Amino acid sequence: MLLFLDIDGTLLPFGSTDPYPEYAPPPAAPGPPVAVAAPPGPATGHPLLARIDPGLGPRLASLGCALVWATTWMDDANTVVSPWLGLPPLPVVEWPDEDEPSALLHWKTRPLVDWAAGRPFVWVDDEITEADRAWVATRHPVPALLHRVEHRYGITDADFAVLREWLSTTVA
């Protein structure tokens, strides 16, 4: 089962009037040091990285899905966010240039269905609409969950409960 994962608004909340918690970098893994492209955190030049809870990495990994970055962060997702979350480098969806993007569909919808290539998937994003769900339901022959996360909070315990429930009842 694929799990397409957005960053902004999904892992990295934004837009709330309340202050956000800031998290410390995750502890180094036990064992010999492993080289990474850059240490995560403000040194990477992304001032909002500390809003991402590093505990989300193990929770995402525990879902048992093949995680795939579906974000405009592109390769920066692997150099900045994956180390922060304690995840290995993940595949990254490359976004095609569309001549005429649909007025109704999110611009990621068609490329994600193409990338899934007939495989079941979960897509977690803060911009999914009913139009995206309807389009996928009529054009993707296997199970797909398009789960919208509230951007002001990012992914929550309630979102993980929805994902776990759907995954437990869906045969990959």
Side-chain angles (χ1 to χ4, degrees), residues 1-15 20-98 101 106-128 132 136 144-157 159-160 163-164 167 172:
M1 177 79 62
L2 299 170
L3 192 152
F4 294 116
L5 189 60
D6 181 40
I7 293 176
D8 293 318
T10 302
L11 299 178
L12 177 61
F14 68 89
Y20 288 103
E22 291 202 1
Y23 299 92
V34 177
V36 294
T44 64
H46 199 288
L48 301 179
L49 186 62
R51 282 191 194 171
I52 299 176
D53 178 357
L56 293 174
R59 294 184 74 186
L60 289 163
S62 76
L63 293 173
C65 296
L67 302 175
V68 178
W69 291 122
T71 175
T72 57
W73 283 57
M74 303 300 292
D75 291 329
D76 287 344
N78 279 323
T79 58
V80 177
V81 181
S82 283
W84 182 264
L85 293 174
L87 296 173
L90 305 175
V92 178
V93 175
E94 299 287 332
W95 306 115
D97 292 327
E98 286 190 302
H106 191 285
W107 59 269
K108 292 181 184 177
T109 306
R110 289 179 187 178
L112 292 180
V113 169
D114 289 345
W115 209 93
R119 295 171 286 181
F121 71 87
V122 175
W123 174 21
V124 183
D125 202 304
D126 64 309
E127 297 181 348
I128 294 168
D132 301 307
V136 170
L145 172 65
L146 281 63
H147 182 71
R148 183 180 178 123
V149 170
E150 172 54 51
H151 67 89
R152 290 174 295 177
Y153 309 110
I155 194 166
T156 64
D157 290 344
D159 296 308
F160 275 103
L163 300 178
R164 286 193 185 285
L167 290 166

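Every value quoted in this text rests on a predicted model; they were computed, and no experiment measured them.
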Would you say [X]'s side chain and [Y]'s backbone share a donor-acceptor pair under 3.5 angstrom?
| X | Y | value |
| --- | --- | --- |
| Y23 | L49 | no |
| R148 | I128 | yes |
| N78 | L90 | yes |

Is any side-chain heavy atom of [Y] closer than 4.5 Å to one of [X]?
| X | Y | answer |
| --- | --- | --- |
| W84 | L56 | no |
| F4 | T71 | no |
| L163 | I155 | yes |
| L63 | F160 | yes |

Check the side chains of S82 and W69 for a donor-acceptor pair under 3.5 angstrom, ignoring hydrogens and angles.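 Note: W69 and S82 side chains meet the donor-acceptor criterion.
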Residues 113-124, side-chain donor-acceptor partners within the protein, below 3.5 Å, at least two apart:
unit_1	atom_1	unit_2	atom_2	d
R119	NE	A116	O	2.8
R119	NH2	W115	O	2.8
W123	NE1	D125	OD2	3.2

For the residue pair [X] and [Y], what are the closest heavy atoms and their distance?
| X | Y | answer |
| --- | --- | --- |
| W73 | V81 | CZ3-CG2, 3.5 Å |
| A77 | I7 | CB-CD1, 3.7 Å |
| F14 | D8 | CE2-C, 3.9 Å |
| R164 | S62 | NH2-OG, 2.5 Å |
| G55 | D53 | N-OD1, 2.8 Å |
| G57 | L87 | O-CD2, 3.6 Å |

Between R59 and D157, is there a side-chain N and carboxylate O pair less than 4.0 Å apart?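 Salt bridge between R59 and D157, a charged N being under 4.0 Å from a carboxylate O: yes.
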Decide side chain to side chain contact (heavy atoms under 4.5 Å, CB included) for H46 and L12; before the verdict, give the C-alpha distance in whole Å, the side-chain angles of both, and the deciding distance to 0.1 Å. CA-CA 11 Å; H46 199 288; L12 177 61; 4.0 Å; yes
What's the separation between atom [atom1] in [X] and atom [atom2] in [Y], rounded to the nearest 0.5 Å?
| X | Y | atom1 | atom2 | value |
| --- | --- | --- | --- | --- |
| L67 | M1 | CG | CE | 12.5 Å |
| I52 | Y20 | CD1 | OH | 12.5 Å |
| E150 | T10 | CD | OG1 | 10.5 Å |

Please name the residue in the list D159, D6, L11, T156 that meets the side chain to side chain contact (heavy atoms under 4.5 Å, CB included) test with V149.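 It is D159; the other options fail the test.
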